[in-house]
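No experiment lies behind these values; they were computed from the predicted model shown. Counting from 1, the numbers follow the sequence of the chain as shown.
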Amino acid sequence: MALLSKEPEKPAYPEQSATPHPGTSQAAPPITPAAQKIVAPPAPSSAYLDRGTKISGKLHFESTACIDGNIDGEIDGKEITIGESAVATAQIRADSIVVSGKIKGDITATQRIEIRPTAKIIGNITAPKVIVHDGAIFEGYCSMGQVSDGGHKIRAAS
């Protein structure tokens, strides 16, 4: 009850000194921002373009990408997902493509294209494997031949 007495109030927790205890090692000095560099190569991560994003031009993704914004141009990468809220007027090329949004343009995949129920595609699709879910809208031509790196189509063996 330091309020009524003339004794100074003591803190509930004792203060600890900033000096290390004997027998413990000292912490390293703080690193300045210029010295804070990551030396290890960056791990592959996915990219995400959220609603409200509007991009016009060429997009290239080294890893997986999920797009929920508006794109006008060209998209290429490894695994591309066009989300439900996405609207793309674009040529899309990738190993694997999943479409849940709206696309106007040609889509080419070296492995597979999946068209989900909420998707609307106006354009041609080319892939060795095509999956179209019930409810999806697709207006265009479909070619299920394999695509080589040179862009020349090779018919799949039957």
Side-chain angles (χ1 to χ4, degrees), residues 16 18 20-21 23-158:
Q16 296 179 356
H21 293 285
T24 60
S25 61
Q26 284 188 318
I31 298 174
T32 60
Q36 292 179 345
K37 292 186 180 179
I38 298 174
V39 184
S45 62
S46 59
Y48 183 64
L49 299 176
D50 202 357
R51 293 179 187 196
T53 304
K54 294 180 183 180
I55 296 178
S56 180
K58 294 182 181 182
L59 296 174
H60 174 75
F61 298 99
E62 291 291 327
S63 61
T64 60
C66 183
I67 298 170
D68 274 320
N70 293 349
I71 308 295
D72 185 11
E74 296 178 21
I75 305 168
D76 75 274
K78 297 199 183 299
E79 294 180 27
I80 296 176
T81 300
I82 305 296
E84 287 187 32
S85 63
V87 177
T89 303
Q91 306 301 313
I92 303 173
R93 289 177 299 281
D95 295 339
S96 176
I97 302 168
V98 177
V99 181
S100 297
K102 296 176 178 72
I103 297 177
K104 185 175 183 182
D106 295 340
I107 304 171
T108 304
T110 57
Q111 294 176 2
R112 70 190 281 262
I113 296 173
E114 181 178 351
I115 305 171
R116 297 212 170 142
T118 55
K120 180 176 181 180
I121 298 174
I122 299 174
N124 302 323
I125 59 175
T126 304
K129 185 175 184 180
V130 176
I131 302 159
V132 181
H133 292 266
D134 189 28
I137 298 171
F138 168 56
E139 296 178 23
Y141 292 100
C142 175
S143 175
M144 293 183 65
Q146 293 180 343
V147 179
S148 70
D149 289 336
H152 301 290
K153 187 168 62 170
I154 302 169
R155 280 278 170 215
S158 39

Heavy-atom side-chain proximity of V130 to F138 below 4.5 angstrom: no
Rounded to the nearest 0.5 Å, what separates atom CD1 in I137 from atom CD1 in I115? 11.0 Å
Give every donor-acceptor pair under 3.5 Å between a side-chain atom in residues 76-87 and any protein atom, sequence neighbours left out.
from: D76; atom 1: OD2; to: H60; atom 2: ND1; distance (Å): 2.5
from: S85; atom 1: OG; to: R51; atom 2: NE; distance (Å): 3.3
from: S85; atom 1: OG; to: D68; atom 2: O; distance (Å): 3.0
from: S85; atom 1: OG; to: D68; atom 2: OD1; distance (Å): 3.4

Could you name each residue pair satisfying salt bridge (charged side-chain N to carboxylate O under 4.0 Å, His left out) that touches residues 100-114, not counting sequence neighbours? R112-E114, E114-R116
Can you measure from OG1 (T89) to CG (N70) and round to the nearest 0.5 angstrom? 8.5 Å
Look up atom CG in L59 and atom CD1 in I71, then write down how far apart they are to the nearest 0.5 Å. 5.0 Å
What pair of heavy atoms forms the shortest contact from I107 to I103, and how long is it? CD1-CD1, 3.8 Å
What is the minimum heavy-atom distance between A109 and P128, and which atoms define it? O-CD, 3.5 Å
Compile the donor-acceptor pairs under 3.5 Å between side chains in residues 92-100 and protein atoms, sequence neighbours left out, one pair per line.
from: R93; atom 1: NH2; to: E74; atom 2: OE1; distance (Å): 3.2
from: D95; atom 1: OD1; to: T110; atom 2: OG1; distance (Å): 2.9

